[in-house]
K.L.:
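Questions regarding the structure given below will be posed in turn.
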Amino acid sequence: MAAPVPLRSDFDAYGLRTLARCARDPAQTRRLLALSAIYAGGSRSAAAALGGVGLQTVRDWVVAFNAHGPDGLIGGKAPGARPRLNVEQREALRALIEQGPMPAAHGVVRWRLVDLAQILFEDHGVSVSEQTLSRVLRALGYRKLSARPRHHAQDPDAIPAFKKPSPPGMAEIAQAIGGKPIEIWFADEARVGQKNTITRRWAKRGTRPAAPKDQRTASAYIFGAICPALGKGAGLIMPRCTTEAMALHLEEIAQVVAPGAHAVLLLDQAGWHTTKKLIVLANITLLPLPARSPELNPVENLWQFMRDKWLGNRVFKSYADILDHCCHAWNTLIDRPWRIISIGLRTWAHRF
């Protein structure tokens with residue numbers, strides 16, 4: 001029988017019992033008390049009985065205590081199985097996700113788990129199930145999200161140039177208005193009609209939930225503008241998008257701008273926004289966004305929020321019913337300035 005491993009000599013029974021009283025880890029407390037019994041002259045069998053373990057486990061405690069002191073007796077988490085994908089393979093997977101598939105080379109227009117698993121097997125010789133691959137992708141921070149439409153003719157350099165260091169023309173506007181406080185506003189229009197949107201909803205996996213869908217064509221337009229920094233907005237419900245409707249909307253915005261302040265209104269380059277026939281009031285300056293770049297306008301996110309919360313999955317009985325629901329949705333939003341702030345703030349616009 002192997003000789004027992006002696007305990008290190010720089011501790012004693014009293015010292016270990018003192019440490020056990022102060023220990024926060026229950027497992028460490030139990031092991032310290034068991035080893036203190038050995039320091040007090042007790043047998044290894046008595047220490048094993050005190051710790052509720054076998055002699056081999058007591059031997060492991062002694063080895064750990066001799067090597068690392070009391071910290072060696074702190075309960076640790078088992079390392080578990082070796083990861084299926086190593087660091088290099090995870091980085092290759094990340095690169096595949098970021099680059100996206102090439103239809104001519106990969107035969108698909110979006111990645112599926114089965115496609116990624118096949119590439120990992122062919123390029124790295126590792127076989128991964130779809131369930132494991134899904135957990136790995138989630139651990140890397142990826143989720144399956146709905147893609148936002150992007151115009152095919154969008155200039156890839158226009159958006160970064162507009163954001164950095166501040167929207168072009170902002171300095172000239174500040175100089176022209178003579179040092180007045182500036183409010184950054186965003187404006188856009190949304191069509192709401194009887195051919196309504198169907199939003200996502202919770203349902204059991206494997207099913208496809210149903211939602212009402214109307215085929216009639218009555219509709220109205222919400223002219224909405226927000227000042228995210230101050231959590232306020234101004235809106236109108238109009239039957240059509242015209243220059244006259246936009247002029248009325250500008251009048252509505254001008255009334256909400258703080259006295260003595262000047263509003264810089266960022267909006268897209270729709271015809272009724274850029275026409276010379278549009279009458280722009282003295283306390284507003286229009287600042288067009290780059291062409292085909294709706295993602296710069298946070299009001300787009302506001303429309304999605306309103307449809308998901310109040311306007312989607314509905315059948316409108318008539319045009320008057322559309323107006324009532326649009327007014328209710330917009331007024332509810334205006335009563336929640338924190339929501340306007342959280343959805344609308346953009347660092348590139350509000351750092352000016």
Side-chain angles (χ1 to χ4, degrees), residues 147-177 181-192 221-236 238 240-254 256-257 261-307 330 333 339-352:
R148 175 185 173 82
R150 183 181 62 191
H151 199 283
H152 69 280
Q154 183 186 91
D155 183 0
D157 299 326
I159 293 179
F162 189 83
K163 290 181 177 180
K164 184 179 179 179
S166 63
M170 188 68 75
E172 291 80 359
I173 295 173
Q175 184 177 4
I177 62 177
I182 292 179
E183 296 182 1
I184 304 296
W185 285 71
F186 294 90
D188 194 35
E189 298 83 31
R191 178 185 174 277
V192 179
Y221 288 86
I222 304 178
F223 280 68
I226 58 171
C227 179
L230 301 177
K232 60 183 180 179
L236 289 176
M238 305 297 289
R240 288 176 298 277
C241 284
T242 62
T243 303
E244 292 75 14
M246 186 62 193
L248 293 174
H249 188 208
L250 291 180
E251 292 179 6
E252 187 74 14
I253 297 171
V256 183
V257 176
H262 191 88
V264 176
L265 185 62
L266 283 78
L267 68 181
D268 59 39
Q269 299 185 31
W272 53 91
H273 295 162
T274 58
T275 176
K276 295 181 179 179
K277 297 180 180 179
L278 181 63
I279 300 175
V280 181
L281 302 182
N283 62 344
I284 297 177
T285 298
L286 304 186
L287 184 58
L289 295 168
R292 309 179 186 93
S293 304
E295 55 265 42
L296 285 174
N297 196 337
V299 185
E300 294 277 352
N301 304 98
L302 208 64
W303 299 143
Q304 182 180 357
F305 174 78
M306 293 173 63
R307 294 183 193 279
W330 182 260
L333 178 71
R339 187 66 66 185
I340 297 176
I341 294 172
S342 65
I343 295 177
L345 278 179
R346 296 294 184 270
T347 302
W348 59 267
H350 295 92
R351 66 189 173 196
F352 175 76

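Every heavy atom of this structure was used, including side-chain atoms; hydrogens, water molecules and symmetry mates were not.
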K.L.:
Kindly give the heavy-atom pair with the smallest separation between A174 and I182, and that separation in Å.
P.N.:
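Heavy atoms of A174 and I182 come nearest at CB-CD1, 3.8 Å.
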K.L.:
Not counting sequence neighbours, which residues clear side chain to side chain donor-acceptor pair (under 3.5 Å) with W330? List them please.
P.N.:
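So W330 forms no side chain to side chain donor-acceptor pair (under 3.5 Å) with any residue.
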K.L.:
For E300, check salt bridge (Lys or Arg N to Asp or Glu O under 4.0 Å) against everything at least two apart and list the hits.
P.N.:
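So E300 forms no salt bridge (Lys or Arg N to Asp or Glu O under 4.0 Å) with any residue.
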K.L.:
Roughly how far apart are E172 CD and I177 CD1, rounded to 0.5 Å?
P.N.:
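E172 atom CD to I177 atom CD1 measures 12.0 Å (nearest 0.5 Å).
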K.L.:
Go through the structure and list residues passing ring pair (Phe, Tyr, Trp, His ring centres under 6.0 Å) with Y221, not counting sequence neighbours.
P.N.:
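For Y221, no residue satisfies ring pair (Phe, Tyr, Trp, His ring centres under 6.0 Å) once neighbours in sequence are set aside.
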K.L.:
Between side-chain atoms of residues 292-299 and protein atoms elsewhere (two or more places apart, or another chain), which donor-acceptor pairs fall under 3.5 Å?
P.N.:
unit_1, atom_1, unit_2, atom_2, d
S293, OG, A291, O, 3.1
E295, OE2, Q154, NE2, 3.0
N297, OD1, V299, N, 3.1
N297, ND2, A187, O, 2.8

K.L.:
How many angstroms lie between atom CG of L266 and atom CD1 of I184, to the nearest 0.5 angstrom?
P.N.:
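Separation between the atoms: 6.5 Å.
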K.L.:
Which atom pair, heavy atoms only, marks the closest approach of F186 to G344?
P.N.:
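Smallest heavy-atom distance, with atoms named: CE1-O, 4.5 Å.
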K.L.:
Can you name the residues that form a side-chain contact (heavy atoms from CB on, under 4.5 Å) with I341, not counting sequence neighbours?
P.N.:
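For I341, the residues satisfying side-chain contact (heavy atoms from CB on, under 4.5 Å) (neighbours in sequence not counted) are L345.
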K.L.:
Can you list the steps and then say if V192 with M306 is a side chain to side chain contact (heavy atoms under 4.5 Å, CB included)?
P.N.:
CA-CA 11 Å; V192 179; M306 293 173 63; over 6 Å; no
K.L.:
Please identify each residue that fulfils side-chain contact (heavy atoms from CB on, under 4.5 Å) with E251, with sequence neighbours left out.
P.N.:
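Scan of E251 (side-chain contact (heavy atoms from CB on, under 4.5 Å), adjacent residues dropped) gives L248, L281.
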K.L.:
side-chain contact (heavy atoms from CB on, under 4.5 Å) with S342: which residues, sequence neighbours excluded?
P.N.:
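By the side-chain contact (heavy atoms from CB on, under 4.5 Å) rule, S342 matches R339.
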K.L.:
List the atom of A190, the atom of R307, and the distance in Å for their closest heavy-atom pair.
P.N.:
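Scanning both residues completely, I find the closest heavy atoms to be CB-NH2, 3.9 Å.
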K.L.:
Excluding sequence neighbours, so at least two apart, what forms side-chain contact (heavy atoms from CB on, under 4.5 Å) with I253?
P.N.:
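I253: side-chain contact (heavy atoms from CB on, under 4.5 Å) contacts with W185, A225, A234, H249, L250, V257, L265, I284.
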K.L.:
Any sub-3.5 Å donor-acceptor pair from T275's side-chain atoms to L278's backbone N or O?
P.N.:
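The answer is no, because no donor-acceptor pair under 3.5 Å joins these two groups.
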K.L.:
Which residue pairs pass the side-chain hydrogen bond (donor to acceptor under 3.5 Å, both in side chains) test with at least one member in residues 261-270, sequence neighbours excluded?
P.N.:
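Those involving residues 261-270 are H262-T285, D268-H273.
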K.L.:
Please list all pairs meeting salt bridge (charged side-chain N to carboxylate O under 4.0 Å, His left out) that have one or both residues in residues 224-236, counting only residues at least two apart or in different chains.
P.N.:
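Every salt bridge (charged side-chain N to carboxylate O under 4.0 Å, His left out) pair that includes a residue of residues 224-236, provided the two are not neighbours, is E183-K232.
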K.L.:
Say you draw a straight line from CG of D155 to CZ of F162; how long is it, rounded to the nearest 0.5 Å?
P.N.:
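If we round to the nearest 0.5 Å, D155:CG and F162:CZ are 13.5 Å apart.
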K.L.:
Quick one: ring pair (Phe, Tyr, Trp, His ring centres under 6.0 Å) pairs with a partner in residues 274-304, sequence neighbours left out?
P.N.:
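For residues 274-304, and leaving out neighbouring residues, there are no ring pair (Phe, Tyr, Trp, His ring centres under 6.0 Å) pairs at all.
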K.L.:
Can you name the side chain to side chain donor-acceptor pair (under 3.5 Å) partners of N301, sequence neighbours left out?
P.N.:
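Residues passing side chain to side chain donor-acceptor pair (under 3.5 Å) with N301: R346.
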K.L.:
Say you draw a straight line from CD1 of I343 to CG of L333; how long is it, rounded to the nearest 0.5 Å?
P.N.:
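Between I343 CD1 and L333 CG, I get 7.0 Å after rounding to 0.5 Å.
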K.L.:
In this structure, are over 12 heavy atoms from other groups packed under 6.0 Å from R240 atom CZ?
P.N.:
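Not buried by this count: 12 neighbours or fewer within 6.0 Å.
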K.L.:
Specify the closest pair of heavy atoms between T243 and W272, including all atoms of both residues, with the distance to one decimal.
P.N.:
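Nearest heavy atoms, T243 then W272: N-CB, 3.8 Å.
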K.L.:
Rounded to the nearest 0.5 Å, how far apart are CD of E189 and CG of L236?
P.N.:
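Going from the CD atom of E189 to the CG atom of L236 covers 10.5 Å.
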